[in-house]
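Scroll down for the structure; my scribbles are underneath it.
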Amino acid sequence: MQKQEKSFGIQMLSVQPDTKPKGCAGCNRKIKDRYLLKALDKYWHEDCLKCACCDCRLGEVGSTLYTKANLILCRRDYLRLFGVTGNCAACSKLIPAFEMVMRAKDNVYHLDCFACQLCNQRFCVGDKFFLKNNMILCQTDYEEGLMKEGYAPQVR
């Protein structure tokens, strides 16, 4: 199966005063501004290179644009329209394609759902967590589970 995603870079260039003005791919007028954008092998006024959905200026929101179905889109709208969605492994609710997630092996979680499934302790960046029988556990609950199973974790 081939990926349909098409992302392209956006370059901001200084207009050199001694060169012939370039035509804008968006409005077809000459670009007489101090700066222009180059994307999709064409030149654009900064105001003319916009997302077809939200109208944001693509040169301001990042250095990438996306195209599909003859639309020029920002990343958020591209993912909203064409991205893959999934369900949270903890709450089973839908995770929109543009939302930030946490992953543990094949499981995907809302940020708010990424917590120990026994004590509900939320994890911070750098915290240890364990995946046992497809459950996310904090270190305390994981070690207590090992003790109940009859063997203690090795501490080094």
Side-chain angles (χ1 to χ4, degrees), residues 1-139 142:
M1 184 176 213
Q2 192 176 8
K3 270 188 160 181
Q4 295 296 316
E5 177 178 322
K6 302 249 176 158
S7 68
F8 297 91
I10 302 171
Q11 294 177 294
M12 180 174 278
L13 305 171
S14 277
V15 175
Q16 301 302 316
D18 55 346
T19 61
K20 182 180 171 194
K22 300 193 181 327
C24 175
C27 69
N28 294 319
R29 289 183 283 144
K30 297 287 181 199
I31 302 173
K32 297 178 183 175
D33 303 346
R34 185 173 177 186
Y35 296 100
L36 59 82
L37 297 176
K38 183 177 181 185
L40 305 170
D41 291 327
K42 298 175 184 173
Y43 297 98
W44 308 77
H45 289 105
E46 290 179 81
D47 286 338
C48 291
L49 187 58
K50 295 182 190 175
C51 174
C53 285
C54 70
D55 243 11
C56 71
R57 291 171 49 168
L58 293 170
E60 291 178 355
V61 296
S63 59
T64 306
L65 63 82
Y66 295 80
T67 64
K68 189 163 181 177
N70 292 325
L71 298 172
I72 296 175
L73 302 164
C74 66
R75 181 178 190 275
R76 181 179 172 93
D77 284 326
Y78 175 81
L79 290 173
R80 184 175 57 79
L81 294 170
F82 303 109
V84 177
T85 60
N87 291 343
C88 176
C91 73
S92 299
K93 292 182 181 167
L94 186 70
I95 302 174
F98 58 83
E99 190 171 303
M100 296 289 286
V101 296
M102 294 297 290
R103 294 182 186 276
K105 293 209 175 192
D106 295 331
N107 297 333
V108 182
Y109 303 86
H110 293 107
L111 293 181
D112 290 340
C113 294
F114 195 68
C116 177
Q117 292 176 303
L118 292 179
C119 70
N120 294 320
Q121 172 191 330
R122 298 239 350 244
F123 296 106
C124 297
V125 174
D127 285 351
K128 264 188 187 176
F129 70 90
F130 298 84
L131 194 61
K132 179 143 174 90
N133 299 330
N134 231 14
M135 286 179 60
I136 301 173
L137 301 172
C138 66
Q139 187 164 2
Y142 175 74

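The figures here come from the full heavy-atom set of this structure, side chains too, leaving out hydrogens, waters and symmetry mates. Since the model is a prediction, treat every value here as computed from it, not as a measurement.
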Kindly give the heavy-atom pair with the smallest separation between [X] and [Y], and that separation in Å.
{"X": "I10", "Y": "L65", "answer": "CG1-CD2, 3.8 Å"}
{"X": "R29", "Y": "H45", "answer": "O-CE1, 3.9 Å"}
{"X": "K38", "Y": "L13", "answer": "CB-CD1, 3.9 Å"}

Q: Classify the angle between the aromatic ring planes of Y78 and Y66 as parallel (below 30°), tilted (30 to 60°) or perpendicular (above 60°).
A: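 Parallel: the ring planes of Y78 and Y66 meet at under 30°.
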
In Å and rounded to the nearest 0.5 Å, what is the [atom1] to [atom2] distance from [X] to [Y]?
{"X": "N133", "Y": "Q117", "atom1": "CG", "atom2": "CD", "result": "11.0 Å"}
{"X": "L137", "Y": "L131", "atom1": "CG", "atom2": "CG", "result": "8.0 Å"}
{"X": "K30", "Y": "N28", "atom1": "NZ", "atom2": "CG", "result": "10.0 Å"}
{"X": "F8", "Y": "K42", "atom1": "CZ", "atom2": "NZ", "result": "10.5 Å"}
{"X": "Q11", "Y": "Y43", "atom1": "CD", "atom2": "OH", "result": "8.5 Å"}
{"X": "E46", "Y": "E60", "atom1": "CD", "atom2": "CD", "result": "7.5 Å"}

(Q) Strictly distance-based, threshold 3.5 Å: is any side-chain N or O of D127 a donor or acceptor partner for the main-chain N or O of C124? (A)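 A pair under 3.5 Å: yes.
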
Q. W44 side chain to G26 main-chain N or O, any donor-acceptor pair under 3.5 Å?
A.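 Side chain of W44 to backbone of G26: no pair is present.
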
Acceptor/donor pairs from residues 86-103 side chains to any protein atom, 3.5 angstrom cut, sequence neighbours excluded:
none

(Q) Using the side chain to side chain donor-acceptor pair (under 3.5 Å) criterion, which residues pair with Y109? Sequence neighbours excluded. (A)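 Residues passing side chain to side chain donor-acceptor pair (under 3.5 Å) with Y109: N107.
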
[X] vs [Y] side-chain heavy atoms within contact, under 4.5 Å:
{"X": "M135", "Y": "L118", "value": "yes"}
{"X": "C138", "Y": "F129", "value": "no"}
{"X": "C116", "Y": "F123", "value": "yes"}

Q: Could you give me the CA-CA distance, side-chain angles and deciding distance for D47 and D33, then say whether side-chain contact (heavy atoms from CB on, under 4.5 Å) is met?
A: CA-CA 11 Å; D47 286 338; D33 303 346; over 6 Å; no

Q.
Would you say that more than 12 heavy atoms from the other residues, nucleotides or ligands in this model lie under 6.0 Å from the CZ of R80, or not?
A.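 Count over threshold, so yes.
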
Pairs under 3.5 angstrom only: tabulate donor-acceptor contacts from the side chains of residues 48-55 to other protein residues two or more places apart or in another chain.
none

